[in-house]
Each structure stands twice: as structure tokens, then as C-alpha cells.
Amino acid sequence: QVRLVESGGGSVEAGGSLRLSCAVFGYTWSNPCMGWFRQTPGKERAGVASISPGGTSTAYTDSVKDRFTISRDNAKNTVYLQMNNLKPEDTGMYYCAADFSGSSYCPTLSGADFRSWGQGTQVSVSS
């Protein structure tokens, strides 16, 4: 049973930073495609960043480019999202997602490409 556990969310003022972590449990025989998604009340969950299994390729939604960095440590089965210069519009529940199919469509910001999801961690940015 694969389990994804996010941590690192919190409340910060605009301009501040947070680092989210996502630990993957229960799957050790290959590295999955990983992604971070954000959801706010009344809106669909949207892709924020994604990283390939080896960590050599990344993708970001336009609104976070040059502010967020996705990375991974495969030895620790953990993916990170470093968020700098946070803005109020970054507020939301952040979900970690993994895909173990080995699909070539990675990195990807489409939620339909991921099968395993974490429970989410809340990020709140005040102005």
C-alpha cells in the first residue's frame, strides 16, 4: 500500500518562504513521477510543479516560475517544494502526487496522470 505524507505547511506573510516535504512509503522498487498540486475553495485542484523520476526534468505552472523549486531525494523517497516570495494567491491546500506507471509523460501538471495522492498540507499567505 503506497502512502504519501506531506508536511511543512503553515501561515506566513507575503514575501516569506516555506518548504513542503512529501515522503513516499510502501514503494521502493522504482522512482515515481512526482507532482505538487494546489486547491482552493471553489476551485479545481491545479498542478503547481512536477519532477521526473531521476530529478533531471521539472515543470512549473507559470504563476510560480522563478519562485518555487521542486526537488527530490530518491535515497529518502522524498520530494520537496521550496516556495519563496510567497503571495496571497499561493494560499491553498497543497497535495503531493505520485505515478508509478513509468509513463513518458513526466514531468506533468495534469492530475489525471497521477494515481496516488497525499492528504494535503495547508499553506496560508497573508498580505
Side-chain angles (χ1 to χ4, degrees):
Q1 183 76 19
V2 174
R3 189 163 61 99
L4 279 63
V5 180
E6 302 99 332
S7 62
S11 298
V12 297
E13 293 185 350
S17 297
L18 285 172
R19 188 194 196 203
L20 305 184
S21 298
C22 173
V24 181
F25 299 94
Y27 191 96
T28 60
W29 56 90
S30 66
N31 297 317
C33 181
M34 299 293 297
W36 284 99
F37 290 75
R38 176 173 64 207
Q39 188 167 26
T40 54
K43 293 186 178 181
E44 292 187 359
R45 192 160 47 188
V48 174
S50 178
I51 188 167
S52 61
T56 56
S57 297
T58 58
Y60 299 91
T61 192
D62 287 344
S63 64
V64 308
K65 286 180 180 177
D66 299 324
R67 297 190 298 121
F68 290 11
T69 302
I70 188 171
S71 62
R72 65 191 300 160
D73 184 340
N74 287 336
K76 296 181 179 179
N77 294 322
T78 301
V79 64
Y80 307 96
L81 186 67
Q82 178 66 43
M83 305 186 295
N84 297 328
N85 191 22
L86 281 160
K87 302 177 180 181
E89 51 264 42
D90 295 320
T91 294
M93 184 70 78
Y94 282 71
Y95 295 91
C96 174
D99 174 59
F100 301 90
S101 69
S103 170
S104 60
Y105 295 102
C106 182
T108 174
L109 299 179
S110 172
D113 293 327
F114 294 92
R115 298 291 183 268
S116 300
W117 295 83
Q119 294 300 307
T121 185
Q122 178 68 37
V123 171
S124 299
V125 184
S126 59
S127 57

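The residues of the chain are indexed from 1 along the displayed sequence.
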**Prompt:** Is there a donor-acceptor contact under 3.5 Å from the side chain of Y94 to the main chain of V48?
**Reply:** no
**Asked** Can we say D62 and K65 salt-bridge, meaning some charged N sits less than 4.0 Å from an Asp/Glu carboxylate O?
**Response** yes
**Message:** If you apply the rule side chain to side chain contact (heavy atoms under 4.5 Å, CB included), what do you find for S71 with Q82, and how did you get there?
**Reply:** CA-CA 8 Å; S71 62; Q82 178 66 43; over 6 Å; no
**Request:** Kindly check if the number of other-residue, nucleotide or ligand heavy atoms within 6.0 Å of CD (Q119) is above 12?
**Result:** no
**Prompt:** When rounded to the nearest 0.5 angstrom, what is the spacing between CG in D73 and OG in S21?
**Reply:** 10.5 Å
**Message:** Quick check: do I70 and Y60 have side-chain heavy atoms less than 4.5 Å from each other?
**Reply:** yes
**Asked** Is it the case that one hydrophobic cluster holds both F100 and L109, taking links as side-chain heavy atoms less than 4.5 Å apart, direct or via other members?
**Response** no
**Within-4.5 Å side-chain heavy-atom neighbours: Q122 and S124** = yes
**Request:** Check whether any side-chain N or O of N74 sits under 3.5 Å from a backbone N or O of P53 as a donor-acceptor pair, and report yes or no.
**Result:** yes
**Fill in**
T61 and G47 have their tightest heavy-atom pair at CB-O, 3.5 Å
**Item:** Pair T78-R72, side chain to side chain contact (heavy atoms under 4.5 Å, CB included): steps then yes or no
**Value:** CA-CA 6 Å; T78 301; R72 65 191 300 160; over 6 Å; no
**Request:** Apply side chain to side chain contact (heavy atoms under 4.5 Å, CB included) to S126 and list each qualifying residue two or more places apart in sequence or on a separate chain.
**Result:** E13
**Request:** Would you please test V123 and M83 for side chain to side chain contact (heavy atoms under 4.5 Å, CB included) and show each step?
**Result:** CA-CA 10 Å; V123 171; M83 305 186 295; 3.8 Å; yes
**Message:** Hydrophobic cluster membership, with links at side-chain heavy-atom distances under 4.5 Å among I/L/V/M/F/W/Y: are I51 and F37 in one?
**Reply:** no
**Request:** May I ask you to test the R67-D90 pair for a side-chain heavy-atom distance under 4.5 Å?
**Result:** yes
**Message:** If you apply the rule side chain to side chain contact (heavy atoms under 4.5 Å, CB included), what do you find for T40 with T91, and how did you get there?
**Reply:** CA-CA 7 Å; T40 54; T91 294; 5.6 Å; no
**Prompt:** Applying the 4.5 Å side-chain criterion to the ILVMFWY set and letting contacts propagate, would V12 and L20 be lumped into a single cluster?
**Reply:** yes
**Message:** So does G120 get a backbone contact from the side chain of E6, meaning a donor-acceptor N/O pair under 3.5 Å?
**Reply:** yes
**Asked** Shortest non-hydrogen contact from S17 to N84?
**Response** OG-OD1, 3.0 Å
**Prompt:** Taking all atoms of both residues into account, what is the closest heavy-atom pair of T56 and S52, and its distance?
**Reply:** N-OG, 3.2 Å
**Asked** ring pair (Phe, Tyr, Trp, His ring centres under 6.0 Å) between F68 and W36: does it pass, once the steps are laid out?
**Response** CA-CA 11 Å; F68 290 11; W36 284 99; over 10 Å; no
**Asked** Going by heavy atoms in the side chains, are Y80 and T69 under 4.5 Å from each other?
**Response** no
**Item:** Any side-chain heavy-atom pair of V24 and M34 under 4.5 Å
**Value:** yes
**Prompt:** Applying disulfide (SG to SG under 2.5 Å), which residue pairs with at least one partner in residues 38-101 are found, sequence neighbours left out?
**Reply:** C22-C96
**Request:** Could you tell me whether R38 sits above the aromatic face of Y95, with NZ or CZ closer than 6.0 angstrom to the six-membered ring centre and within 45 degrees of the axis?
**Result:** no
**Message:** Given 3.5 Å as the limit, does a donor-acceptor pair link the side chain of S50 with the main chain of P107, or not?
**Reply:** no
**Item:** Rounded distance [0.5 Å steps], CG in N31 versus CG in N77
**Value:** 7.0 Å
